[in-house]
Amino acid sequence: MNETTMHRREFLKATGLLTGLVVVGSPLALIAPGRAWAVDLTAFTSFEAATLMAVARTIAPHDKLDDVAYALVVQALDSDATRDGNVRKMFREGLGRLGPEFVKATETDRVAALKKVESLEFFQTVRLKTLRVLYATPMAYTCFGYEGEAFSKGGYVLRGFNDLRWLPEVPLEDSGPMPI
Amino acid sequence: MAKIDLKDDSAVVVIGSGAGGGTLAHELTRRGIKVVLIEAGKRQSLDTFSQVPGEAFGQLTWLDTRTQSGNWGVARDFPTLPVWHCKTVGGTTVHWTASAPRLQPWELRANTTYGKIADTSLIDWPISYEELEKYYIVAERRMGVTRRNDMPGLPASNNFKVMYAGAKQLGYKQVHTGHMAINSRSYDGRGFCIQQGFCVQGCKMGAKWSTLYTEIPDAEATGHLDLRIEATATRIVHGADGRVNALIYRDSQGQEQRQKARVVCVAGNAVETARLLLLSASSKFPHGLANSSDQVGRNYCHQITGFVWGIFDKPIYSWRGATLAGVVEDEAIDNPRRGFAGGYRIELVTLDLPTLPLVGLPYGWGRDFAWVMENYRNLAGMFINGEDLPRASNRITLNSNVRDAFGLPVANIHVDEHPNDQAMRKHAQGQMSRMYEAIGAKRIILGPTPPATHNLCTARMSADPRDGVTNAWGQTHDIKNLFISDGSVLTTPGAANPTLTIVALALRQAEYISQQMKAGPV
């Protein structure tokens, strides 16, 4: 079965499922109950979802970031497309422009394909959604070393807000006393 | 809390509960004056502040539609969010980063100091620095500003250590952790800063001054405040005598209400304040209230801003610690030899991980963008806070093509950058880049101008009624019982983050209103 027929068959089925395995030792392994994950889709076919996931990975290519973080981007796009038929149509048209080979293309070719659609609402919508969703995931927090909210842990006052040692310390008159 | 009848015409109606409106409401009620405080947003608390950045943004931000035009970078980079202020009890003091410097004496004489500059509408303030200083002193004590009175400075964070080392390499002298309205020790019944780095999401310690948990509860405790939340002002109305006598607003159920008033004070942040005055046009005042000078909405200033990021080969963890606690003040001078009028501050800044790609690096995608994000740990940040010059054509107008939930025209914000603004930004970005390069940054990234958080001057104070909207007390030139009580009244923006000045002016205005009410004229 070639990509095109699969595309058509999935298209007729109208909805799909995006699945994967959590990489052992990845941040998600700590929070996911099992090793397999699945994202239910209500607007996109599995193939469309896989293409969108490849788009998201090309927009924000982090080799160390688990697929599941990108799947959450696709889930968010799917829910937007489910809510609004025009959005769904816009995605379908954009995906049509990328064609069925996109998902398997090399990164260089995927970048070139996206450059061609960079000014389209399709691309800008996917790009913004990717940025909004991806960097807010716990997987991204862990991957980039971001520690997030600190109130529940007593702030950073005793947890490294001033632990930088590779530059001179600031004299007290230009800084201030520790509160505790 | 008081319950003030809709037909009670003895109360002062204050619209907006932020730095200006919240402070004014407290100052009037503690003098025994009844105040109806109208706030469009909901009431949050230290317990309800979300610590999920995207959620907190939705919880606190004024997200009603605005349109924009002009050549400023914000129109290109943030087409749907030209300005970033709050819609919540406490207003923008809930998300502010609490930098509280004073304006300098020469900044209040901008026209005299800078001389004639083409394509600007510069004027001098109608108040002297000496007059304003009295209220700065009270405001600083009230807000617990660091390095003033006996409030120590905040301790230096990692991000500040980087800024400090770079600044010293360039020979800068006035570099410190800032004049911050953040408790460096427990003060005024509020705790001290535990360096959460979540200033913008609402300080769950209450260490950062906000009217939400200082002025407003104090006003409620007087028994003279009637705070109405989720209430949106739509029109100020007047009588045949030309004095305002009531506010029309939509309550939390969307029902139209009419609150009678002896005095009306508008403090809705510079965009909405101008919009409300324009929406209140009548047959007697066809161009909007207090607008016989045609100055309402004009001279919109937002201060020159823009991020500079430095990426180093060692970790900084810039998100740990008070977001804005660091400043270089050496460039907050007037020195025309730099190629522009006015001064700027270099201020410490960072953004949380989810916000950085949206606000700090908004056009990126691909491998290079991903590389920057992967170096988040090693990223240090600063931004400019400089004086922009007023122009009559930079203005808030009503856009009748786009309507809000009540069918009223939304505000359009038009900004064309003056060559002076561009020269200042270029100079500042150059200096900041040199600071980071001097201590070994491996890459400098010039970020965009973010959505404007300092919205100013749209109903400015002026000595001559033809040049502005209000007198030196924020009392409109045209209508004696209509006051403006927020950053709209600043005559010029200067290079100081505006909240301290807004609070100082509100303290001064409260004194004046109470005297005028006693003496009879308003």
Side-chain angles (χ1 to χ4, degrees), chain A residues 55-65 107 110-111 114-115 118 123-124 126-128 130-137 140-141 143-180, chain B residues 49 51-54 146-147 152-162 164-165 168 175-177 183-186 192-198 201 203-205 312 314-317 319-322 325 352-358 361-362 364-367 369-370 373-377 439:
Chain A
V55 173
R57 259 215 188 272
T58 314
I59 286 168
H62 299 294
D63 299 339
K64 289 183 185 154
L65 194 54
E107 185 170 337
R110 279 185 277 129
V111 168
L114 290 182
K115 286 255 185 235
E118 202 175 0
F123 176 78
Q124 291 303 333
V126 178
R127 186 184 68 88
L128 264 180
T130 301
L131 303 188
R132 283 214 178 101
V133 175
L134 197 68
Y135 299 104
T137 60
Y141 276 33
C143 187
F144 303 116
Y146 178 54
E147 300 151 304
E149 75 82 26
F151 178 73
S152 63
K153 305 180 191 85
Y156 292 111
V157 67
L158 299 178
R159 299 189 311 118
F161 89 104
N162 62 354
D163 65 357
L164 188 150
R165 294 289 172 263
W166 52 273
L167 286 168
E169 288 301 315
V170 177
L172 187 62
E173 70 261 28
D174 294 328
S175 170
M178 285 288 281
I180 38 176
Chain B
F49 289 150
Q51 299 291 279
V52 177
T146 59
R147 284 170 212 286
L154 287 164
S157 67
N158 292 344
N159 201 18
F160 180 68
K161 288 182 190 181
V162 177
Y164 191 83
K168 289 292 160 178
V175 192
H176 53 73
T177 55
N183 287 348
S184 55
R185 56 176 176 75
S186 299
F192 56 79
C193 174
I194 58 168
Q195 305 284 348
Q196 301 174 62
F198 268 57
Q201 287 77 17
C203 177
K204 284 181 93 71
M205 277 298 282
F312 292 82
K314 297 188 191 70
I316 292 159
Y317 310 108
W319 61 84
R320 299 179 186 167
D352 56 78
L353 179 70
T355 307
L356 177 66
L358 300 171
L361 314 160
W365 66 278
R367 280 284 160 187
F369 163 77
M373 292 304 297
E374 285 171 10
N375 279 277
Y376 182 57
R377 252 176 298 225
I439 51 166

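Residue numbers begin at 1 in each chain, while the letters A, B, ... track the order of the sequences. What's counted below: heavy atoms across the whole structure, side chains too, no hydrogens, waters or symmetry copies.
Contact of B:S157 with chain A is made through backbone and side chain together, with heavy-atom distances under 4.5 Å. Looking at B:V52, neither its backbone nor its side chain comes within 4.5 Å of chain A, counting heavy atoms on both sides. A:I59 touches chain B through backbone and side chain together, each having a heavy atom under 4.5 Å away. Residue B:C203: no heavy atom, backbone or side chain, is found under 4.5 Å from chain A. With a 4.5 angstrom heavy-atom cutoff, B:R185 does not touch chain A via any of its atoms. A:R132 touches chain B through backbone and side chain together, each having a heavy atom under 4.5 Å away. Looking at B:I316, the atoms closer than 4.5 Å to chain A (heavy atoms on both sides) sit in the backbone and in the side chain alike. Using a 4.5 Å cut-off between heavy atoms, B:L154 touches chain A through its backbone atoms (N, CA, C, O) alone.
Checked against the 6.0 Å centroid threshold, A:H62 and B:F369 do not count as a close aromatic pair. Note: B:F198 and A:F151 fail the aromatic proximity criterion, with ring centroids not under 6.0 Å apart. Ring centroid separation for the pair A:F144 and B:Y376 does not come in under the 6.0 Å cut-off.
Between chain B and the residues A:A60, A:G148, A:S152, A:G160, the most heavy-atom pairs under 4.5 angstrom are made by A:G160. Listed options B:R147, B:Q201, B:Q51, B:K161 were ranked by heavy-atom pairs under 4.5 angstrom with chain A; first place goes to B:K161. The greatest number of non-hydrogen atom pairs below 4.5 Å with chain A, out of B:A370, B:P155, B:G153, B:G364, is found for B:P155. When the candidates B:V162, B:T146, B:I439 are compared by the number of heavy-atom contacts under 4.5 Å with chain A, B:V162 comes out ahead. When B:S184, B:P315, B:G54 are compared by the number of non-hydrogen pairs under 4.5 Å with chain A, B:P315 comes out ahead. In terms of heavy-atom pairs under 4.5 Å with chain B, the best-connected choice from A:E118, A:R165, A:R110 is A:E118. Contact tally against chain B (heavy-atom pairs below 4.5 Å) for A:L158, A:L131, A:V170: the top residue is A:V170. Between chain A and the residues B:Y164, B:F160, B:F192, the most heavy-atom pairs under 4.5 angstrom are made by B:Y164.
Looking only at distances, a side-chain donor or acceptor of B:N158 sits under 3.5 Å from a matching main-chain atom of A:D163. Checking side-chain atoms of B:N183 against main-chain N and O of B:S186 turns up no donor-acceptor pair under 3.5 Å. In this structure, A:S175 contributes its side chain and A:P171 its backbone to no donor-acceptor pair below 3.5 Å.
Classified by interplanar angle (parallel below 30°, tilted 30° to 60°, perpendicular above 60°), the ring pair B:W319/B:Y317 is perpendicular. Taking the six-membered ring where tryptophan is involved, the planes of B:F312 and A:W166 are tilted, since the angle between them lies from 30° to 60°.
Salt bridge present: B:R367 and A:E107 bring a charged side-chain N and a carboxylate O closer than 4.0 Å.
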Q: Using the side chain to side chain contact (heavy atoms under 4.5 Å, CB included) rule, take A:E173 and B:H176 through it: C-alpha gap first, then chi angles, then the decisive distance, then the call.
A: CA-CA 8 Å; A:E173 70 261 28; B:H176 53 73; over 6 Å; no

